[in-house]
> 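Before I ask anything, let me first share the structure, which is written out below as structure tokens.
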Number of protein chains: 2
Amino acid sequence: MSCAQPYALQLRARGYRMTPQRLAILHVLHHSGKHLSPSEVYQQACVELPGLTETTVYRTLEFLTENGLARPAYMGSGHLVYEIAGHEHHHLKCRICGHEMEVRHDLLKTLYRQLESESGYRLTDSHVTFIGLCPDCQKGE
Amino acid sequence: MSCAQPYALQLRARGYRMTPQRLAILHVLHHSGKHLSPSEVYQQACVELPGLTETTVYRTLEFLTENGLARPAYMGSGHLVYEIAGHEHHHLKCRICGHEMEVRHDLLKTLYRQLESESGYRLTDSHVTFIGLCPDCQKGE
DNA sequence: ATTCTTATTGCAACTTTTTACAATAGTATA
DNA sequence: TATACTATTGTAAAAAGTTGCAATAAGAAT
Ligand SMILES: [Mn+2]
Ligand SMILES: [Mn+2]
Ligand SMILES: [Zn+2]
Ligand SMILES: [Zn+2]
């Protein structure tokens with residue numbers, strides 16, 4: 001529960017409240033380190049906070065996303081997964097074995113600048129997942 | 001219905017069948033040109049083919065995706081939308097007004113090569129959506 | 001034209017996700 | 001510490017999306 005303080009402050013600064021539900025969900029995301037589906041978040045957070053509902057989990061994940069504490073990732077499974085918002089990164093996933101690796105955001109910096117100057121948009125966010133064949137799975141082709 | 005021939009051939013070459021359901025759905029995607037949700041596809045295709053079911057629409061959109069005739073896009077709404085698979089492109093969307101524009105795939109070519117050499121993966125696909133503020137919406141900031 | 005194989009569909013049941021609204025409970029203020 | 005304000009939650013119902021299976025029909029073979 002020691003991870004709570006900074007999150008509480010961030011929320012309060014924006015006029016929102018820290019609640020046992022948000023705390024439990026943040027705790028799960030913070031200590032898991034992995035990508036979790038809403039259902040996985042629900043199951044794990046329920047242990048810490050019995051009575052938590054799935055509705056609240058969905059709402060909270062969206063809320064945390066909007067406030068920069070969580071990040072959704074569309075990994076091609078057709079369903080969103082979530083992770084705690086630490087360093088900004090993207091994903092590269094093997095379409096055969098499912099192996100995932102992170103893509104540093106600075107690899108996209110040049111592209112970002114190029115896009116901004118071409119389009120006139122100011123980029124603030126992106127959903128980026130690359131899919132391919134990992135070195136192992138390329139051998140079996 | 002004149003758009004059907006090439007699609008039918010592509011499917012048959014892979015051992016699959018062309019059906020009135022697939023034809024109606026392809027027809028909708030082909031002539032819409034826009035991104036459509038499964039529900040929009042269902043409603044429009046139903047006009048051409050009464051009796052079509054939503055189950056079939058979901059299954060067909062996934063089938064067409066796997067076979068390269070349709071492409072899903074995750075536009076940040078939390079729901080997938082689909083479009084006919086023409087030229088390869090990505091998307092840039094304004095988080096305020098929702099305005100969308102296309103991003104040419106060749107802008108990502110350099111990044112693709114860099115990623116492949118860094119990771120050892122062979123890239124085959126990607127889900128890429130950029131989000132930001134369009135020129136108009138930047139003024140109101 | 002008829003038969004055969006099996007890919008594809010519709011149906012019904014199920015799971016996942018969203019929504020509306022009244023009850024609850026953070027937190028600021030006195 | 002008690003009070004007031006309203007953000008947040010749980011409940012129940014609806015909507016969106018998935019799955020298993022028996023019936024159907026596309027297309028190849030005869
Ligand atoms: Mn990640
Ligand atoms: Mn598009
Ligand atoms: Zn692999
Ligand atoms: Zn805009």
Side-chain angles (χ1 to χ4, degrees), chain A residues 1 4-5 7-28 35-46 48-67 69-70 72-82, chain B residues 1 4-5 7-28 35-46 48-67 69-70 72-82:
Chain A
M1 293 298 167
Q5 203 64 12
Y7 296 136
L9 294 176
Q10 283 187 69
L11 292 187
R12 230 165 291 162
R14 287 168 168 254
Y16 299 116
R17 301 171 183 175
M18 179 53 80
T19 65
Q21 291 85 349
R22 287 176 180 171
L23 198 53
I25 290 167
L26 279 165
H27 193 241
V28 165
H35 296 166
L36 298 176
S37 68
S39 157
E40 289 169 327
V41 171
Y42 169 69
Q43 285 166 15
Q44 297 183 29
C46 246
E48 300 181 35
L49 189 72
L52 178 69
T53 63
E54 283 179 294
T55 300
T56 296
V57 170
Y58 283 110
R59 269 194 300 229
T60 300
L61 289 172
E62 191 182 339
F63 169 84
L64 295 175
T65 297
E66 280 168 0
N67 288 281
L69 302 189
Y74 176 71
M75 299 299 292
S77 70
H79 289 231
L80 287 179
V81 290
Y82 292 83
Chain B
M1 293 298 168
Q5 203 64 13
Y7 297 136
L9 293 177
Q10 283 186 68
L11 291 187
R12 229 165 292 161
R14 288 168 167 253
Y16 298 115
R17 299 171 184 176
M18 180 53 82
T19 66
Q21 291 86 349
R22 288 175 180 172
L23 198 52
I25 291 167
L26 279 166
H27 192 242
V28 165
H35 295 167
L36 298 176
S37 68
S39 156
E40 290 169 326
V41 171
Y42 169 70
Q43 285 165 18
Q44 297 183 29
C46 246
E48 300 180 36
L49 190 72
L52 177 68
T53 62
E54 284 178 292
T55 299
T56 296
V57 170
Y58 284 112
R59 269 194 297 229
T60 300
L61 288 172
E62 191 183 339
F63 169 84
L64 294 175
T65 297
E66 281 168 0
N67 289 281
L69 300 189
Y74 175 71
M75 299 299 290
S77 70
H79 290 230
L80 285 179
V81 291
Y82 291 84

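Proteins get letters first, then strands, A, B, ... in listed order; numbering begins at 1 in each. Computed from a predicted model, the values in this text were never measured in an experiment.
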> Identify the heavy atoms of Val41(B) and Val28(B) that sit nearest to each other, and give their distance.
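Residues Val41(B) and Val28(B), closest heavy atoms: CA-CG1, 4.4 Å.
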
> Using atom CD of Glu54(A) as one end and atom P of dT18(C) as the other, report the distance to the nearest whole Å.
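Nearest whole value for this atom pair: 12 Å.
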
> Mapping Ser39(B) and Leu52(A) to their closest nucleotides on DNA chain D, which lands nearer the 5' end?
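The residue closer to the strand's 5' end, by nearest nucleotide, is Leu52(A).
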
> Taking only distance into account, with no hydrogens and no angle test, what donor-acceptor pairs under 3.5 Å do side-chain atoms of residues 7-16 of chain A form with protein atoms, sequence neighbours excluded?
from     : atom 1 : to       : atom 2 : distance (Å)
Tyr7(A)  : OH     : His30(A) : ND1    : 2.8
Arg14(A) : NH1    : Asn67(A) : OD1    : 3.0

> Given the structure, check if the side chain of Arg59(B) and the base of dG17(D) hold any donor-acceptor pair shorter than 3.5 Å.
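Between dG17(D) and Arg59(B), which were checked side chain against base, a qualifying N/O pair under 3.5 Å is absent.
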
> Scan Arg22(A) against the nucleic acid and name what it touches under 4.0 Å (heavy atoms): base, sugar-phosphate only, or nothing.
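Here Arg22(A) touches the backbone only, sparing every base.
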
> What's the CG-P distance between Leu23(B) and dA26(D), to the nearest Å?
11 Å

> dT8(D) P sits how many Å from Glu62(A) CD, rounded?
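Glu62(A) atom CD is separated from dT8(D) atom P by 13 Å.
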
> Check the distance between dA26(D)'s P and Leu9(B)'s CG and give it to me in whole angstrom.
17 Å

> Would you kindly give the CG-to-P distance between Leu61(A) and dT18(C), to the nearest whole Å?
10 Å

> Distance check needed: dA15(D) P versus Tyr58(B) OH, whole Å only.
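Answer to the nearest Å: 13 Å.
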
> Mark yes when over 12 heavy atoms from residues, nucleotides or ligands other than Gln44(A) sit less than 6.0 Å from its CD; otherwise mark no.
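Buried by this count: over 12 neighbours within 6.0 Å.
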
> State whether Thr56(B) places a side-chain N or O below 4.0 Å from either non-bridging phosphate oxygen (OP1 or OP2) of dG10(C).
yes

> What is the distance from CG of Leu49(A) to P of dT8(D), rounded to the nearest Å?
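So the CG-P distance, Leu49(A) to dT8(D), works out to 16 Å.
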
> Contact between Leu26(A) and Met18(A) at the side-chain level, heavy atoms closer than 4.5 Å - yes or no?
yes

> Name the pairs: protein N/O against N/O of nucleotides 27-30 of chain C, kept only if under 3.5 Å.
from    : atom 1 : to       : atom 2 : distance (Å)
dT27(C) : OP1    : Arg12(A) : NE     : 3.3
dT27(C) : OP1    : Met18(A) : N      : 3.0

> Establish, with yes or no, whether the OP1 or OP2 oxygen of dG10(D) is under 4.0 angstrom from a side-chain nitrogen or oxygen of Gln21(A).
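Gln21(A) to dG10(D) OP1/OP2: side-chain N or O found under 4.0 Å.
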
> In Å, rounded to the nearest 0.5 Å, how long is the span from OG of Ser37(A) to CD of Gln43(A)?
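Ser37(A) atom OG to Gln43(A) atom CD measures 7.5 Å (nearest 0.5 Å).
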
> Assuming nearest nucleotide by heavy-atom distance, tell me which of Thr55(A) and Gly15(B) is located more 5' along DNA chain C.
Gly15(B)

> On a heavy-atom basis, which atom in Ala45(A) and which in Ile25(A) lie closest, and how many Å separate them?
CB-CG1, 4.2 Å

> Starting at CD of Glu40(B), measure out to OH of Tyr82(B) and round the result to the nearest 0.5 Å.
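So the CD of Glu40(B) and the OH of Tyr82(B) are separated by 13.0 Å.
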
> Considering all heavy atoms of both residues, which atom of Pro38(B) and which atom of Leu80(B) are nearest to each other, and what is their separation?
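For Pro38(B) and Leu80(B), the tightest heavy-atom pair comes out as CD-O, 3.6 Å.
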
> Strictly below 4.0 Å, heavy-atom distances to any atom of DNA chain C: list the hits from residues 73-81 of chain A, or just say none.
His79(A)

> For the residue pair Leu69(A) and Arg22(A), establish whether any side-chain heavy-atom pair is separated by less than 4.5 Å.
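SC-SC contact between Leu69(A) and Arg22(A) ruled out.
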
> Without decimals, in angstroms, what is the distance between Asn67(A) CG and dA7(D) P?
13 Å

